[in-house]
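Reckoned from all heavy atoms, side chains included, excluding hydrogens, waters and symmetry mates. This one's a predicted model, so the numbers in the text were calculated from it and none came from an experiment. Residue numbering restarts at 1 for every chain, and letters A, B, ... go by the order of the sequence lines.
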Amino acid sequence: MIRKPRGTNDILPENIKEWLFVENEFRKICSEYNFGEIRTPMFEKTSLFKRGVGDTTDIVKKEMYNVLSDDALYKYKNDKFKSSDSFTLKPEGTAPIVRAFVENKLYAEKQPTKLFYITPCFRHERPQAGRLRQFHQFGIETFSATSATADAEIISLADVFFRRLGIDNLTLKINSVGCSKCREVYHKELKKFLEPKLDDLCVTCNERYITNPLRILDCKNEKCQNTIAEAPLITDYLCDECSAHFEELKSALDIVEVDYIVDPKIVRGLDYYTKTAFEFISTDLGSQATVCGGGRYNGLVKQVDGPETPGVGFGLGIERLLMVLKARKFKFNDEKTLDVFIVTFDKETKMKGMEFVTKLRKKGVAADIDHLERSFKAQFRYSDALNSKYTIILGSDEIENNKISLKNMKTGEQIEMQMDNIEKIIELVRESK
RNA sequence: GCGGUUGUAGUCAAGUGGUUAAGACACAGGAUUGUGACUCCUGCAUGCGUGGGUUCAAAUCCCAUCAGCCGCCCCA
């Protein structure tokens, strides 16, 4: 048997309603917050992510699905291969949106540009519950707004979205990771603090000391946590501008009535974040606890060859969202979908049934008929199993009299009526909705 | 990428070296000729994730491999 690739999922008809539901809710709220939908390709030039997400990040270093383009293969033969000639299945949503913003010169339109997207993402990781190789994200991005009210707006959107779905047990953690200026100062201070304590830190933290000292702050190792308890915090080293922005954000969140806790230790794994960083954490999810994460990225547009333009956004994991909803026993609408099922007896009545079912469908009635040569009784049982509102019996008696028998499956009431009285059926179906 | 753990039908499972692989749910058919739900009856794994090996004998032991789950790493 050929199996699906590891870490991917089929979404079957019985689950699709959950997806459609959250997608619709997300589209709705984005429209209310005045964000417009954007769709970008499933793959991009590899160089976009190397430059946008950051060459040193885990995502770029070891989790991307790269594929050589035809052009690259040709050039490779001619010994002219460049990394920009390979493609990568998008590992995250923001860099492609930024690319589209720049390439389509959206910065020249009225500002700010407020975009949202729904997209699959691909990362080559070891799968776990809540962590897949193909997963799906909702995301939004606001470009050209420097004000912290823009940060508060997207956080509010996520907050209201969750609450509408009845999720009120998430923790919102916010932090400011500063700009390149204050980060540089902070890095030095942090390294100075950690240097004499390296022996007390775990192996990975010692590696992180060299590659990305910020990450040591959210190590889960207890010994490391004790060691760094007194470590300097980024929030104490923010420059005036970043500090003012962070204060503005907190006031704005208070105004829009979003609860948060400041956690100076949250760090984001993508290089492009500046100033605001935040995540919504769930306790229903095990170790993959972040349902939604995002922040500000004031240098990214420039980094991707656009004009210097600030941005803020978030990514929201759809699979994780659905896991939370299931953990909270969320009731998805399970309305009857079939209005009418038609029961027939033999070749002749079946053909008449086909004619009739098509007439109903043309009028917008959800109708179906047996294709498995089932017995009369089995057809009835099937109609019941489908949860159909009405069952129509079409036998030789009915055909002879140009009539049908129509049974209401809920009340058991059965009536006879003229076969061409489709309008009456439509009326009955509408009534029972 | 690292460590741990699990893998018997569509689903949940019993079986831990011996002959025909329990049971439940689901599914399909039937209970006197054209009426569903309840009830009753019948059917449904030459097969135990896959491939090797040990043995007279393997779902059971060993090795490899694949997949799921948990933790780490990382992140949505």
Side-chain angles (χ1 to χ4, degrees), chain A residues 1-9 12 14 53 56-63 90-94 118-139 158 202-205 207-208 211-212 215 218-221 224 266-270 273 277-282 285-294 313-324 341 343-346 349 372-399 405-414:
Chain A
M1 179 172 64
I2 299 175
R3 310 184 57 159
K4 65 183 164 61
R6 195 175 189 192
T8 62
N9 276 144
L12 302 173
E14 60 178 312
V53 178
T56 60
T57 59
D58 277 27
I59 292 179
V60 170
K61 271 197 306 198
K62 49 192 190 193
E63 293 175 0
K90 60 167 112 161
E92 58 100 49
T94 300
I118 302 175
T119 186
C121 292
F122 306 85
R123 292 184 201 169
H124 188 100
E125 296 193 273
R126 176 103 167 240
Q128 234 170 279
R131 191 170 75 184
L132 297 159
R133 288 184 173 178
Q134 178 180 173
F135 62 101
H136 300 77
Q137 279 192 357
F138 294 141
C202 67
V203 183
T204 33
C205 277
E207 283 165 20
R208 288 195 272 229
T211 56
N212 189 358
R215 283 244 144 250
D218 63 357
C219 182
K220 280 162 194 142
N221 186 309
C224 293
I266 70 161
V267 176
R268 316 249 66 235
L270 289 75
Y273 286 110
F278 66 88
E279 42 192 53
F280 285 85
I281 315 267
S282 167
L285 248 37
S287 70
Q288 315 303 323
T290 304
V291 189
C292 174
F314 70 65
L316 194 160
I318 303 181
E319 283 85 356
R320 289 185 187 176
L321 172 68
L322 291 173
M323 284 169 78
V324 172
F341 187 84
V343 172
T344 58
F345 291 85
D346 49 26
T349 54
L372 299 183
E373 325 299 334
R374 286 183 221 250
S375 69
F376 175 81
K377 194 182 193 75
Q379 287 182 57
F380 236 99
R381 201 153 35 207
Y382 182 63
S383 176
D384 185 56
L386 289 176
N387 229 337
S388 61
K389 290 170 190 150
Y390 290 93
T391 300
I392 285 175
I393 299 119
L394 204 60
S396 33
D397 294 355
E398 280 82 3
I399 290 176
S405 300
L406 183 138
K407 182 170 187 175
N408 183 320
M409 296 298 275
K410 201 165 182 183
T411 63
E413 189 186 346
Q414 184 166 326

Could you please name the option among C72(B), A76(B), G68(B) that lies closest to any side-chain atom of Gln128(A)?
C72(B)

Below the 4.0 Å mark, does G36(B) have OP1 or OP2 next to a side-chain nitrogen or oxygen of Lys377(A)?
yes

Nearest-Å distance once atom C1' is located in both A58(B) and G51(B):
15 Å

Is the base of G43(B) syn or anti, where syn means the angle lies within 90° of 0?
anti

Any strand counts, and the cut-off is 3.5 Å on both contacts for Watson-Crick or G-U wobble. Which nucleotide pairs with G23(B)?
C12(B)

Between A24(B) and A14(B), how far apart are the P atoms? Round to whole Å, please.
15 Å

Using a heavy-atom cut-off of 4.0 Å across all strands, would you classify Ile318(A) as base, sugar-phosphate, or nothing?
nothing

Length of the NZ-C1' vector between Lys61(A) and G1(B), whole Å:
12 Å

Looking at the side chain of Gln414(A), which of A76(B), U35(B), G34(B) is the nearest nucleotide?
U35(B)

P gap between G52(B) and A59(B), integer Å:
14 Å

What orientation do Phe278(A) and Phe314(A) show, parallel under 30°, tilted 30 to 60°, or perpendicular over 60°?
perpendicular

Are any non-hydrogen side-chain atoms of Phe380(A) and Met409(A) less than 4.5 angstrom apart?
yes

Would you say the base of G1(B) and the side-chain of Glu63(A) have a donor-acceptor pair closer than 3.5 Å?
no

Touch class at under 4.0 angstrom, heavy-atom based, for Gln134(A) against every strand present:
nothing

Closest non-hydrogen atoms of Ile59(A) and Pro91(A), given as atom of the first, atom of the second and distance, are CG2-CB, 3.7 Å

Output the rounded distance in Å from CD (Glu319(A)) to P (G68(B)).
14 Å

For the student: nearest non-hydrogen atoms of Leu316(A) and Cys292(A), plus distance
CG-CB, 3.9 Å

Specify the separation, in whole Å, of atom CG of Leu372(A) and atom C1' of C27(B).
13 Å

For Gly93(A), which contact category applies under a 4.0 Å heavy-atom criterion: base, sugar-phosphate, or nothing?
nothing

Closest to side chain of Arg131(A), choosing from G34(B), G68(B), A76(B):
A76(B)

Can you find a side chain N or O atom of Arg3(A) that sits less than 4.0 Å from OP1 or OP2 on C66(B)?
no

Would you classify Ala378(A) as touching base, sugar-phosphate or nothing, given that sugar-phosphate means primed atoms plus P, OP1 and OP2, and contacts are heavy atoms under 4.0 Å?
sugar-phosphate

Tell me: CZ of Arg126(A) to C1' of G71(B), nearest whole Å?
10 Å

Of all the choices, G30(B), A76(B), U35(B), which nucleotide is nearest to the side chain of Phe376(A) once you look at every atom?
U35(B)

For Gly412(A), which contact category applies under a 4.0 Å heavy-atom criterion: base, sugar-phosphate, or nothing?
base

If you compare every side-chain N and O of Thr57(A) against the phosphate oxygens of C74(B) (OP1, OP2), does one of them come in below 4.0 Å?
no

For atom P, what is the distance between U55(B) and G68(B), given to the nearest Å?
35 Å

A67(B) P sits how many Å from Asn9(A) CG, rounded?
14 Å

Please find the pair of heavy atoms, one from Val291(A) and one from Ser282(A), that lie closest to each other, and give the distance.
CG2-CB, 3.7 Å

Would you indicate, yes or no, if U35(B) has its OP1 or OP2 atom less than 4.0 angstrom from a side-chain nitrogen or oxygen of Gln379(A)?
no

Return the value, rounded to whole Å, for the distance between atom CG of Leu316(A) and atom P of C75(B).
17 Å

A9(B) versus A13(B) - spacing of their P atoms, nearest Å:
11 Å

Of Gly286(A) and Gly7(A), whose closest RNA chain B nucleotide lies nearer the 5' terminus?
Gly7(A)

Taken to the nearest whole Å, CG/Leu386(A) to C1'/C27(B) is 14 Å

Scan Cys121(A) against the nucleic acid and name what it touches under 4.0 Å (heavy atoms): base, sugar-phosphate only, or nothing.
nothing

Which of the following nucleotides, G29(B), A76(B), G36(B), is nearest to the side chain of Arg320(A)?
A76(B)

For the C1' atoms, the ones on A26(B) and on A45(B), what distance do you get once it is rounded to whole angstrom?
16 Å

For U65(B), give the paired nucleotide (Watson-Crick: N1-N3 plus N6-O4 or O6-N4; G-U: N1-O2 and O6-N3; both under 3.5 Å), or none.
G49(B)

Is Phe345(A) stacked on the base of G34(B) when the test is centres under 5.5 angstrom and planes under 30 degrees?
no

Separation of A37(B) atom C1' from Lys410(A) atom NZ, nearest Å, is 14 Å

Looking at side-chain heavy atoms only, is the closest gap between Ile393(A) and Gln414(A) below 4.5 Å?
yes

Taking only N and O in the side chain of Ser287(A), is any of them less than 4.0 Å away from OP1 or OP2 of G71(B)?
yes

Under 4.5 Å between any side-chain heavy atoms of Thr290(A) and Arg320(A), yes or no?
yes

Provide the distance between the two C1' atoms, one in A64(B) and one in U54(B), to the nearest whole Å.
15 Å

How far does CZ of Arg133(A) sit from CZ of Phe135(A), to the nearest 0.5 angstrom?
12.5 Å

Side chain of Asp58(A) (C-beta onward), nearest among C73(B), C70(B), G34(B):
C73(B)

Below 4.0 angstrom from OP1 or OP2 of A67(B), is there any side-chain N or O of Arg6(A)?
yes

From the list G34(B), C70(B), G68(B), which nucleotide is the closest neighbour of the side chain of Pro127(A)?
G68(B)

